[in-house]
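Data block below; observations after.
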Amino acid sequence: MKLTLIGTGYVGLVTGTCFAEVGHQVVCVDNDAAKVKLLQSGGIPIYEPGLEELVKKNVAAGRLTFTNSTAEGVQKSDVIFIAVPTPPQPDGSVDLSFIEKVARDIAAAMTTYKIVVDKSTVPVRTGEKVTETIKRYCPAKVDFDVVSNPEFLREGFAVGDLMKPDRVVIGVRSQRPVAAMKEIYTPFNAPIIVTDINSAELIKHAANSFLALKISYINAIAAICEATGANVQEVAQGIGLDERIGRRFLNAGIGFGGSCFPKDLSAFIKIAEQMGYDFRLLKEVQRINADQMNRFVKKITDTLWVLKDKKIGVLGLAFKQNTDDVRSSPAIDLCQRLQKEGAKLRVHDPKAMDKAKAALADATYVDDMNAVAEGCDAIVIATEWDEFKKLDLERARKSLSHPIMFDGRNLFDRVEMERLGWIYKSVGR
Ligand code: UDX
């Protein structure tokens, strides 16, 4: 099928590329001329495992093209996906101005029937607004359908999540666009759920809030484990093997971050408030998440006492492993908290150092993870990168003034670390 994606951020670029990979003819539109130029020349603006090869392959095959022109994108395809940012506003609500602008641009360029699909995460009832907007701003007065098709990909695993989705949600107002939407997704062999538009929009916020709730739940359990000498990983295993609960998203740590969970939680709380429901459960999820970071910082200050002029090595800056994304990164938040207390930081991340520099100045950026501990008083693990498990512990131990590690992601075995002579503080163990 001929498909256009408007917006080449994480969602738009990965989705467009995977659509091309299964054989669709895809146009990706972005208003950032430099980004389009980079993509046209075979580069990609983000780090996402497996994506670069896939972009190159599909560009070479002639199935994936990039342009600055929304009108060109609209004219070339039957189905237009909106995948633009929906950033948070200071009061927690969502800024929908990019969605509105794109809806107007699509409307202006439409001369035949189109299916306009919203992929961006939006508050429930946005589909109704997009429909009204397109009607109002379409001079050709052609027929169209608006569809909600939320995205569930995780950064760092986006290509895998897209090629093998758990489910595809298609929210519609009439049956007319259903066959085309199913045809787009047939190659992905996933269960397809057809709902009304409001339900599809709600599914996205409800899913992300539930996952955030799971993380806060295990972080709360971690606090009780610390007070009782229990082990949160064993508790997570013990409850997670119950199929009704599931083991995934039960890793205790320094709290969740990223461009989705914090923003989607605030948005969902705000949406509920506007609908007359006080979503106190989700407010508590936020509170536990903030508290988790406070408790970790306290662990550091309880052990090191005064941080002023202490040198601390930090492994991890990205908000999670396998990404260079530092938006709302708990690791950056932690670094800033330590700097505020006067600590001097030596930091390393396998992929996120360039992006971190804007948010975290005055730190020494170290290319080799094994050199981070040099001259430091302690080392902190802030992101769950797998390669940190291969840290040269003997070298780090010798480099530190005292062998102290704060492991915010429970990457190491506590008993083994203590046997090796470390003062080892982790989360919920
Ligand atoms: C999330 C959703 O998973 C995805 O379905 C949605 O489309 C977008 O939002 P993402 O933000 O890419 O994806 O990352 P995710 O893997 O969900 O992790 C979010 C945060 O939670 C990270 O900071 C991560 O470190 C943290 N996390 C995750 C935990 O602390 N513990 C866990 O068990 C899992």
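Since we're looking at a predicted model, the values are computed, not measured. Here, residue 1 is the first one in the sequence, and each next residue gets the next number. All values below come from the heavy atoms of this structure, side chains included, with hydrogens, waters and symmetry mates left out. For ligands, and for the atoms within them, numbers begin at 1 and follow the listed sequence.
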Keeping [X] on the side-chain end and [Y] on the backbone end, is there a donor-acceptor pair under 3.5 Å?
X      : Y      : answer
Lys355 : Leu317 : no
Glu128 : Ile197 : no
Glu48  : Phe157 : yes
Glu201 : Val122 : no
Lys114 : Ile106 : no

Write out the residue and atom name of the closest protein heavy atom to [atom], then the distance separating them to 0.1 Å.
atom                    : result
atom 24 (C) of ligand 1 : Glu384 OE2, 3.6 Å
atom 8 (C) of ligand 1  : Cys260 SG, 3.3 Å
atom 21 (O) of ligand 1 : Phe256 CB, 3.2 Å
atom 27 (N) of ligand 1 : Ile215 CD1, 3.5 Å

Q: Please determine if Asp302 and Lys299 form a salt bridge, counting it only when a charged side-chain N lies under 4.0 Å from a carboxylate O.
A: no
Q | Presence of salt bridge, Lys390 and Glu387, under 4.0 angstrom | A | no
Does [X] approach ligand 1 within less than 4.0 angstrom via side chain, backbone, both or neither, non-hydrogen atoms only?
X      : value
Asn208 : side chain
Phe261 : side chain
Asn251 : both
Leu153 : backbone

Would you tell me which option among [options] has the nearest heavy-atom contact to [atom]?
atom                    : options                        : result
atom 16 (O) of ligand 1 : Gln321, Arg327, Lys320         : Lys320
atom 3 (O) of ligand 1  : Glu151, Lys214, Arg154         : Arg154
atom 11 (O) of ligand 1 : Phe249, Phe152, Phe157, Phe319 : Phe319

Answer with yes or no whether [X] contacts ligand 1, where contact means a heavy atom under 4.0 Å from a ligand atom.
X      : result
Lys204 : yes
Arg409 : yes
Gly253 : no
Gly258 : no

Would you check whether [X] has a nitrogen or oxygen atom less than 3.5 angstrom from a nitrogen or oxygen atom of ligand 1?
X      : result
Gly257 : yes
Pro330 : no
Glu155 : yes

Q: Would you please classify the geometry between the Tyr47 ring and the Trp385 ring as parallel, tilted or perpendicular, with 30° and 60° separating the classes?
A: tilted
Q: Would you sort out whether Asn58 and Thr17 count as a side-chain hydrogen bond (donor to acceptor under 3.5 Å, both in side chains), showing the intermediate values?
A: CA-CA 7 Å; Asn58 285 284; Thr17 307; over 6 Å; no
Q | Verdict with supporting geometry, Gln89 and Asp95, side-chain hydrogen bond (donor to acceptor under 3.5 Å, both in side chains) | A | CA-CA 6 Å; Gln89 306 198 94; Asp95 175 359; 5.5 Å; no
Q) Given the rule in the side-chain hydrogen bond (donor to acceptor under 3.5 Å, both in side chains) test, do Ser93 and Lys270 qualify, once you have shown the distances and angles that lead to the verdict? A) CA-CA 6 Å; Ser93 66; Lys270 196 76 196 168; over 6 Å; no
